[in-house]
Amino acid sequence: MIQLSWASIRASKSYLIPGIILLVGLIVLAGLPSFGPKYSVIFLSTIFMYIVLTTGWVMFSGPTRQISLATAVFFGIGIYIAAILGKHMPLLVMVLIGGLASSVMALLVGSLTLRLKGVYFTIFTFGLLELIKNAINWYEVTFTGTRGRFVVVVDNNTIYLYMLAITVLTVLTAFLIRRSKYGLALQSIGEQEEAAAHIGINVTLMKVSIFAISAFFMGAAGAVMATRWTYIDPFMAFNMNYSFTPVLMAIFGGVGQLGGVVSGAIIFAYLEQILITKYPFYYMLVFGIVMVVSVLFLPNGLAGVVKNWRARTTGGRYVRT
Amino acid sequence: MFVLEGQGVTKYFGGLAAVSDVDFHVDQGEIVGLIGPNGAGKTTLFGLISAALVPNSGTIRFKGENITGLRPHQICKKGLARTFQSVKVFSDMPVINNVVLGVHFGTSERVKAAQAANEADRLLEFVGLSGRAMVPAKDLTLVNQKLLEVARALATKPEVLLLDEIMAGLNSTEITQAMELVSKIRAQGITIFMIEHVMKAIMSVCDRIMVLDHGKKIAEGTPQEIATSKMVVEVYLGE
């Protein structure tokens with residue numbers, strides 16, 4: 001009798017070859033500032049930013065199935081930390097504080113609102129974005145007399161390396177959580193929250209923790225990216241596109257698989273950069289069309305296409321979900 | 001001291017008393033049946049015991065300790081597990097992962113992944129689901145999903161197990177198997193409190209039966225006493 005146990009399947013799956021490829025890729029990416037064209041560094045930093053935001057969003061919203069539109073809040077808090085503290089402390093410390101501040105915000109918001117279900121939670125997170133954006137705008141106009149702030153300038157290569165490091169940490173964290181029992185527990189919460197609680201899972205703690213962890217990476221990315229823009233105001237920092245784009249990227253790539261999420265972010269970010277430079281007036285239109293087509297024809301995103309193809313070539317055997 | 005005990009347990013939904021001033025107790029190692037017409041408050045009482053619902057008044061004690069007001073995951077960790085009348089399996093997950101979760105989170109001890117998988121394999125075999133381990137839970141039949149819920153609840157190492165209508169919708173062969181399963185669980189030293197409509201099963205498997213009607217406890221006794229109680233027959237047959 002063939003005994004298929006969970007543990008044996010996991011152990012037999014080899015991460016060796018993909019691991020080596022990833023490592024070589026990372027070394028090349030880390031060396032890019034010394035040999036690559038100057039623009040590639042700026043271009044890739046933007047792609048990294050989207051990978052962090054999308055992976056961060058999927059960390060929480062993927063398994064729990066609670067759609068958060070607070071990504072821009074956490075990203076924006078990082079940006080404002082950079083604007084306020086950037087001149088007074090080293091970049092690394094500022095980035096850490098940016099991440100922590102976003103985490104604290106997520107803890108607060110999470111413990112207040114994660115009881116909200118479905119669309120109510122989504123609307124709340126969206127409302128939060130508007131609230132914070134306008135509150136900061138009001139504060140700036142009333143007390144500082146100026147709307148925006150200048151951010152400390154950092155050279156592009158440093159920004160690039162920081163973003164690369166944050167990206168690697170984000171994806172690695174998402175990967176490790178997903179493989180762990182906590183990843184499984186988060187998935188169970190998304191599927192049957194009540195049953196999850198009754199088999200001993202502290203549902204609220206789990207949701208709030210993952211919300212805060214994902215916010216850390218978003219905030220850290222915000223703190224780094226702010227230094228590239230040199231001038232920021234509340235409407236730039238808390239731009240709702242940073243909430244929506246990651247959702248689109250994740251859906252396009254396929255929320256179910258981390259590889260899909262990252263490729264979705266890369267392809268979409270690439271597309272955005274190309275479109276915005278070549279067709280500045282039509283890029284939103286093309287964006288929309290791509291989105292509609294992918295929702296209609298690729299319900300599980302790019303990862304779903306790959307999975308189906310693999311299932312067909314292996315003779316329809318059961319494929320790990 | 002009873003392993004599970006309730007005093008004056010009351011729950012209102014709006015103005016309606018779903019469970020009204022119910023006293024109950026379950027002894028160590030017993031199988032206690034809970035019966036009553038539809039809407040009598042049986043599942044509500046289970047919800048109150050497992051902390052899915054908070055009682056308006058009354059106390060519930062587990063091994064002498066007041067557990068009223070604890071959260072569901074705390075109740076589970078104390079050793080009180082349940083299944084659901086409307087099945088709530090994690091349907092997109094492979095069957096085995098449903099059980100693995102129970103092993104990992106049902107108790108406070110840390111379990112290694114391989115050990116948890118072995119324990120889950122063992123439990124699936126115990127309920128008769130070995131061979132379906134890698135199938136997504138939603139692909140199981142309803143009967144098997146109920147068995148999976150039992151395995152998942154057992155994975156949390158309970159001392160008391162609340163079974164909510166695990167035999168509903170089963171044919172007579174399956175009912176016999178389910179009755180054997182209940183006896184097997186008790187033989188492991190687990191106390192059972194079960195809601196059931198299948199009279200044949202409840203009469204032969206239970207040591208004691210409690211009857212609820214309109215949220216009130218109207219009778220309690222051995223299966224013989226209940227079967228011959230005029231009041232119970234009236235409630236069921238509506239005379």
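All values reported here derive from a predicted model rather than from experimental measurement. Note on naming: letters A, B, ... go to the chains in the order of the sequence lines (proteins, then strands), and numbering restarts at 1 for each one.
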> Are a donor atom and an acceptor atom from the side chains of B:Q85 and B:T43 found within less than 3.5 Å of each other?
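Yes - a donor-acceptor pair under 3.5 Å links their side chains.
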> Which atom pairs, one a donor and one an acceptor, fall under 3.5 Å between side chains of residues 132-143 of chain B and the rest of the protein, sequence neighbours left out?
from, atom 1, to, atom 2, distance (Å)
B:K138, NZ, B:D92, OD1, 2.9
B:T141, OG1, B:N144, N, 3.2

> Side chain, backbone, both or neither: which part of B:L101 has a non-hydrogen atom closer than 4.5 Å to chain A?
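Both parts, backbone and side chain.
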> Can you see whether B:R71 engages A:T204 through a side-chain donor-acceptor pair at a distance of less than 3.5 angstrom?
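Yes - a donor-acceptor pair under 3.5 Å links their side chains.
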> Within the 3.5 Å criterion, strictly below it, is a donor on A:Q66 or A:K207 matched to an acceptor on the partner's side chain?
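Note: A:Q66 and A:K207 side chains meet the donor-acceptor criterion.
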> Examine whether an atom of B:A153 lies under 4.5 Å from a heavy atom of chain A, and if so say whether it belongs to the side chain, the backbone or both; otherwise answer neither.
neither
> Of all of B:K77, B:K88, B:R152, B:R82, which one pairs up most often with chain A through heavy atoms under 4.5 Å apart?
B:K88
> Heavy-atom distances under 4.5 Å only: say whether B:T156 touches chain A with side chain, backbone, both or neither.
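Looking at B:T156, just its side chain touches chain A.
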